[in-house]
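For reference, the structure discussed in these notes is given below.
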Protein chains: 2
Amino acid sequence: MAGLASSIERRNGVSLWRQIADKILQGIAGGDFAENAALPPEMALAERYGVNRHTVRSAIAALVQDGVLRAEQGRGTFVLSRKRLSYPIGARTRFSTGLQGQTSERHIALLSSATEPASRRIAEALGLAKGAAVIRLETRGEADGHPVSRATTWFDAKRFAGIEAAMAETGSITASLKRFGINDYLRQSTVLSARHADADDLVAMELQPGAIVLVTVAVNVTLDGQPIQFAESRFPAERVELRLSAGD
Amino acid sequence: MAGLASSIERRNGVSLWRQIADKILQGIAGGDFAENAALPPEMALAERYGVNRHTVRSAIAALVQDGVLRAEQGRGTFVLSRKRLSYPIGARTRFSTGLQGQTSERHIALLSSATEPASRRIAEALGLAKGAAVIRLETRGEADGHPVSRATTWFDAKRFAGIEAAMAETGSITASLKRFGINDYLRQSTVLSARHADADDLVAMELQPGAIVLVTVAVNVTLDGQPIQFAESRFPAERVELRLSAGD
DNA sequence: TATAGTTGTCTATATCAATAGACAAATTTT
DNA sequence: AAAATTTGTCTATTGATATAGACAACTATA
């Protein structure tokens with residue numbers, strides 16, 4: 001699709017080798033190369049992008065370092081295919097249910113938790129007074145042992161006292177909320193954006209520096225419209241795409 | 001929110017000045033700086049990010065060039081605030097309807113059109129045979145004279161012969177489809193991803209090199225489920241966020 | 001008016017990024 | 001076995017990136 005013959009920009013603060021590495025990743029995710037297929041030779045890539053062979057080699061070296069490619073002297077450079085997860089989002093989306101069939105194992109790991117006063121934004125979203133105590137959870141979503149998301153979520157500390165323990169134990173938001181008498185909930189709103197991953201997310205999701213993350217900011221509510229959870233989730237764009245179902 | 005004290009990565013192919021420029025943009029979009037507010041002095045920013053003052057100056061120079069900031073010798077550097085558009089997407093979203101109240105003028109400009117054989121992906125999405133003729137439209141969405149999106153859309157050439165003329169004339173997909181007897185349609189599926197903007201999109205949307213775009217790939221269908229349109233849209237992440245309504 | 005704070009400009013230096021060319025090492029093809 | 005193809009390594013050169021320090025120009029404040 002887009003980016004067939006799309007070229008490379010110079011002098012923009014992003015090095016050529018990184019741009020080319022991004023293009024190769026994009027190609028892999030977009031299905032330009034089959035599983036275990038050989039990349040075009042370095043000279044061919046250099047010609048295609050109008051750069052020196054050594055620049056292409058820098059890009060490939062970075063991807064080899066990240067475990068995306070494997071280079072073999074005399075034979076070629078091969079794709080270690082990691083296809084992108086397609087993550088459904090909608091009113092009833094849960095972390096684990098949507099990924100059925102795509103992965104064999106998934107859960108949410110609790111990285112840290114804290115109780116803090118609510119900022120104005122969070123207080124408004126949760127229907128609390130500004131400065132009211134809220135519990136903040138820092139979590140990482142994992143599928144088949146690979147990190148696929150990083151989230152920061154806030155709950156009313158009074159109503160959900162001890163939810164961090166439930167999360168650590170069950171590895172599931174849905175299961176944790178059940179302990180507080182909430183058997184079903186809906187996504188009231190979701191706002192989507194994208195940016196470069198910050199240093200913390202790079203570490204938590206084992207990303208290459210400069211990686212792009214999709215960001216969702218969502219409010220979950222009970223069936224009668226009571227807000228219970230405010231969450232900002234980050235998904236690495238190279239590993240995950242978000243899918244909106246029609247009538248969800 | 002995220003990225004309060006988040007630091008800067010070195011030797012990753014993205015120059016420090018661009019990373020800092022991105023952070024400042026993020027801060028503006030995230031509301032860290034009020035309208036027309038002064039940025040912290042260069043020395044303060046240099047300390048915060050652990051870089052030399054000249055590096056901060058490079059970042060600021062790029063943003064001044066892009067019209068995001070205004071620097072005044074002896075006084076400070078000021079934000080020329082451009083708040084982000086919130087773009088709703090859902091089953092019934094139309095380009096113009098969703099932005100009501102946020103902008104005064106919006107339309108879609110037709111940049112170019114072509115008739116070509118359908119790739120496998122597009123043929124499948126539109127329910128055509130591979131290689132069947134399809135019309136490709138390259139369009140740009142504009143709000144208040146500013147480009148806010150760039151899209152590539154495909155239609156069955158047989159059924160929608162001449163739709164490029166209708167688009168050029170009406171500046172609206174919805175109005176154009178009306179001429180072919182389609183008064184209503186739904187978004188069957190939407191897939192979201194993010195990447196760096198390619199060279200063409202940089203020019204078309206007047207973006208700074210290295211900008212991030214949100215990408216949606218959607219199939220629109222008639223009310224009885226017949227696919228009529230396949231579209232890939234790109235939104236600059238610095239100007240646009242995507243909003244999912246609950247029951248849409 | 002004097003002082004402090006801020007942006008603008010200049011010189012200098014070290015490292016990274018990119019280009020260029022040559023050849024070695026390994027593999028596949030002829 | 002020989003030739004062609006492809007990745008790996010080396011040297012060298014140029015321009016962009018980043019750091020460092022000094023001082024000028026301008027603004028606001030004491």
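A note on names: the letters A, B, ... follow the listed sequences, proteins ahead of strands, and every chain is numbered from 1.
- Here Ser58(A) does not reach the OP1 or OP2 of dA17(C): none of its side-chain N or O atoms lies under 4.0 Å away.
- Here dT14(D) presents its C1' atom at 14 Å from CG of Leu16(A), a figure rounded to the nearest Å.
- Distance CH2 (Trp17(B)) to C1' (dA17(C)): 14 Å, rounded to an integer number of Å.
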Where protein sits on nucleotides 1-11 of chain D, one letter per nucleotide: B base, S sugar-phosphate only, - none, heavy atoms under 4.0 Å:
-----BBBBB-
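- The distance from atom OH of Tyr49(B) to atom P of dA18(D) is 15 Å, rounded to the nearest whole Å.
- The phosphate of dA16(D) (OP1 or OP2) has no side-chain N or O of Ser15(A) nearer than 4.0 angstrom.
- A 4.5 Å side-chain heavy-atom check between Leu111(A) and Arg150(A) finds at least one atom pair inside the cut-off.
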Encoded 5' to 3' (Watson-Crick or G-U under 3.5 Å; [ ] crossing; | other strand), DNA chain D becomes ||||||||||||||||||||||||||||||
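- Summarising the geometry, the separation between CG on Asn52(B) and C1' on dT15(C) is reported as 14 Å, rounded to the nearest angstrom.
- Counting only heavy atoms from C-beta outward, the side chains of Phe235(A) and Val215(A) never approach each other to under 4.5 Å.
- Under the salt bridge (Lys or Arg N to Asp or Glu O under 4.0 Å) criterion, Glu42(A) pairs with Arg53(A), Arg57(A), not counting sequence neighbours.
- Judged by distance alone, the side chains of Glu232(B) and Thr152(B) never bring a donor and an acceptor atom under 3.5 Å apart.
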